[in-house]
Amino acid sequence: MEKQTTIASSCFFLLYIATFTVAEVLEAHPHLHHQHNSHSSVKLFVFGNSYVDTGNIKKSVSPSWKEPYEITFPRKPAGQFSNGRVLTDYIGLFPFFLRKPILFYLFLFGGTGVFDTLVSGPNLTTQIDFFEQLLQQKVYAKNDVVKSSIALVLVAGNDYAAHFGRPGNDTKDLAMFTKFIIIKQLTVDLKRIHDLGVQKIAVTTIEPLGCLPSITSSLSYQNCNEFANMASMYHNQILLQKLEELNKETKNSAFIDLELYNAFMSAVKPPKHHQGNTTFQINTLKPCCVGVSNEYSCGTLDQTGAKKYII
């Protein structure tokens, strides 16, 4: 669910919470540390969408290479769908959690999903194809880099956006879409990553879709859409069941779930802040950047170079 008019609202503290979630889960599996000597790094293969995309998406297809994206960090546009760091940036800031440096291998692209979405880009299956091609070309040594590595998979939000954005799709077939299409294919993809040699795979639950600005706009940015959030919770429930099944099949607890839903919810309603005698609260349901009308998005300029967005 990553429309360019709303993704700039990615919150720093939200990603900060998610980073601790990633680090704590990986730290909980000490056998990963025994696979490295004290001077080696943790290899992290990342597959997914804009929440982890550090600039893979092409300049020609995305306004994320234009201001005001990343005006906080690194203070100039670099292709990330945020006004600052994304999840992978934050993971890179905290190597001390694993007591080792982290070496990233990124196959992700903003706007993509398990299947093709409304954004042109390689879906999860194609991203894994890229990974497999590099293995076949022996860019990575399977017995060294891959088997002592971790994969992070963050997808699916855009699949729901694409589903509801196509004519004829409605809410009545959502349960079947989740269980027999999204989760079924995601399970195939996760097994494939494991079969390619990655021994530990972290999979995120999806965010509360009903709290994204593209949804809350119809509620004047005052409330989350409860039905959309229920869809997220159902997706996460089925995902956790499948991960448990996969762990029974592999018999080595290869698949780890990263609970992002509650991390997002804790950021959606942050505590009130006090400044002098005034109490104020940030509205995290509202985008920090939006087009001046529906035909424009954050970062859009007209032919004269004038900004067609509001911060």
On a heavy-atom basis, the closest approach of Leu152 and Leu258 is CD1-CD1, 3.6 Å
Do the charged groups of Glu245 and Lys248 touch, with an N to O distance under 4.0 Å? no
Closer than 3.5 angstrom, by distance alone: can the side chain of [X] be matched with the main-chain N or O of [Y] as a donor-acceptor pair?
X	Y	answer
Glu70	Pro68	no
Asp159	Val114	yes
Ser232	Ile206	no

Distance-only side-chain donor-acceptor flag, Asn123 / Thr126, under 3.5 Å: yes
Does Phe107 have its ring centroid less than 6.0 Å away from the ring centroid of Phe131? yes
Sequence neighbours left out, what pairs pass salt bridge (charged side-chain N to carboxylate O under 4.0 Å, His left out) with at least one residue falling in residues 298-311? none
All pairs passing salt bridge (charged side-chain N to carboxylate O under 4.0 Å, His left out) where residues 122-139 contributes a residue, at least two apart: Asp129-Arg192, Glu132-Arg192
Counterpart residues, salt bridge (charged side-chain N to carboxylate O under 4.0 Å, His left out), relative to [X] (two or more places apart):
X	value
Lys59	none
Lys66	none
Glu67	none

Please list all pairs passing the disulfide bond (SG atoms under 2.5 Å apart) test where one or both residues lie in residues 224-268, with sequence neighbours left out. Cys211-Cys224
Please step through side-chain contact (heavy atoms from CB on, under 4.5 Å) for the pair Tyr51 and Leu108, ending with a clear verdict. CA-CA 9 Å; Tyr51 288 122; Leu108 43 91; over 6 Å; no
